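A, B, ... follow the sequence lines: proteins, then strands. Residue 1 opens every chain. No experiment lies behind these values; they were computed from the predicted model shown.
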There are 2 protein chains.
Amino acid sequence: MIYNRIKILRTERGLSRKDLAEAVDVNFQTIGYLERGDYNASLELAFKLAEFFEVPIDMAFSLRPFKTLAEELAANRAAQ
Amino acid sequence: MIYNRIKILRTERGLSRKDLAEAVDVNFQTIGYLERGDYNASLELAFKLAEFFEVPIDMAFSLRPFKTLAEELAANRAAQ
DNA sequence: TCATAATGTTGTATATACACAATAAATTGT
DNA sequence: ACAATTTATTGTGTATATACAACATTATGA
């Protein structure tokens, strides 16, 4: 199973699932399935989502559980 | 459709499809399908392959056609 | 050259990604 | 508090990723 940050990335931008679904051209319920982890995005959809959010793929999807964005940002700052 | 560099990455390392398939835990014929572009890898398999080859996902998969590795390397050098 | 390994092709079966519809529940704004 | 929007749930249908088998073709090495 693949972990993703779609929900945070989406809500951070103040978008509804419908908004995001239209942007990447899938059914709005598909976004719900991904956010709930009911199934994984296809590689193509993953690319489209990462491109839409303007983040590298591995910032939106991962084989391993994510830290929160805040944790990761704090860790990065500490590393400077 | 998603483009990939699996065949080059694999042959550059002198691996057979069977070798690679075992490393990422899929059927060896699945590697053939991907290399021929018969279908796309799942996101999970794409991550496993990129991890196995130790390259970022977008160096192995792309929404748009790839340059050859040699072209890309030459372009990168020219950019220095 | 011959044997073996690697790849290609065709076919069948299964799991999963995605579409779509209907309705229920929860959130949000006024 | 009410209305409107958003999200969740359930169900059905389709396309596609993957497994596996059998056999053909091509490449490789001794």
Just the table, please: protein N/O against nucleotides 21-25 of chain C N/O, every pair under 3.5 Å.
unit_1 : atom_1 : unit_2 : atom_2 : d
C/dA21 : N7     : A/Q29  : NE2    : 3.4
C/dA21 : N6     : A/Q29  : OE1    : 2.7
C/dA21 : N6     : A/Q29  : NE2    : 3.4
C/dA22 : N6     : A/Q29  : OE1    : 2.9

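- An OP1 or OP2 oxygen of C/dA6 is reached within less than 4.0 angstrom by no side-chain nitrogen or oxygen of B/R10.
- Atom pair B/I6:CD1 and C/dA6:C1' shows a separation of 17 Å (rounding to whole Å applied).
- Taking atom CG on B/N40 and atom P on D/dT18, their separation rounds to 9 Å, with Å as the unit.
- Distance, B/L43 CG to C/dA15 C1': 17 Å, rounded to whole Å.
- Computed from coordinates, the A/L15 CG to C/dT27 P distance equals 20 Å when rounded to whole Å.
- Rounded to whole angstrom, the span from the NZ atom of A/K7 across to the P atom of D/dT7 amounts to 8 Å.
- The distance from atom NZ of A/K18 to atom C1' of C/dA19 is 16 Å, rounded to the nearest whole Å.
- The side chain of A/S42 contributes no N or O atom lying less than 4.0 Å from OP1 or OP2 of C/dT16.
- Residue pairs meeting the salt bridge (Lys or Arg N to Asp or Glu O under 4.0 Å) criterion with at least one member in residues 69-78 of chain B, sequence neighbours excluded: B/R5-B/E72.
- With C/dC18, D/dA19, C/dA6 as the choices, the nucleotide that has an atom nearest any side-chain atom of B/S16 turns out to be C/dA6.
- For residues 56-70 of chain A, every residue pair satisfying the salt bridge (Lys or Arg N to Asp or Glu O under 4.0 Å) rule, not counting sequence neighbours, is listed here: A/R64-B/E51.
- One can place CG of A/D38 at 18 Å from P of C/dA15, the figure rounded to the nearest angstrom.
- The CZ atom of A/R36 sits 10 Å away from the P atom of D/dT7 (whole-angstrom rounding).
- In terms of the ring pair (Phe, Tyr, Trp, His ring centres under 6.0 Å) criterion, residue partners of A/Y33 (sequence neighbours excluded) are, by chain and number, A/Y39.
- Taking 4.0 angstrom as the limit, A/N27 places none of its side-chain polar atoms (N or O) nearer than this to OP1 or OP2 of C/dC18.
- Every pair passing salt bridge (Lys or Arg N to Asp or Glu O under 4.0 Å) that includes a residue from residues 24-36 of chain B is listed here, sequence neighbours excluded: B/R10-B/E35, B/R17-B/E35, B/R36-B/D38.
- Residues passing the salt bridge (charged side-chain N to carboxylate O under 4.0 Å, His left out) test with A/E22, sequence neighbours excluded: A/K18.
- The side chain of A/L45 lies closest to C/dC18 when the candidates are C/dC18, D/dT9, D/dA19.
- In this structure, the side chain of B/S62 does not engage the main chain of B/P65 through any donor-acceptor pair within 3.5 Å.
- Here the side chains of B/L9 and B/L49 are not in contact, with every heavy-atom distance at 4.5 Å or above.
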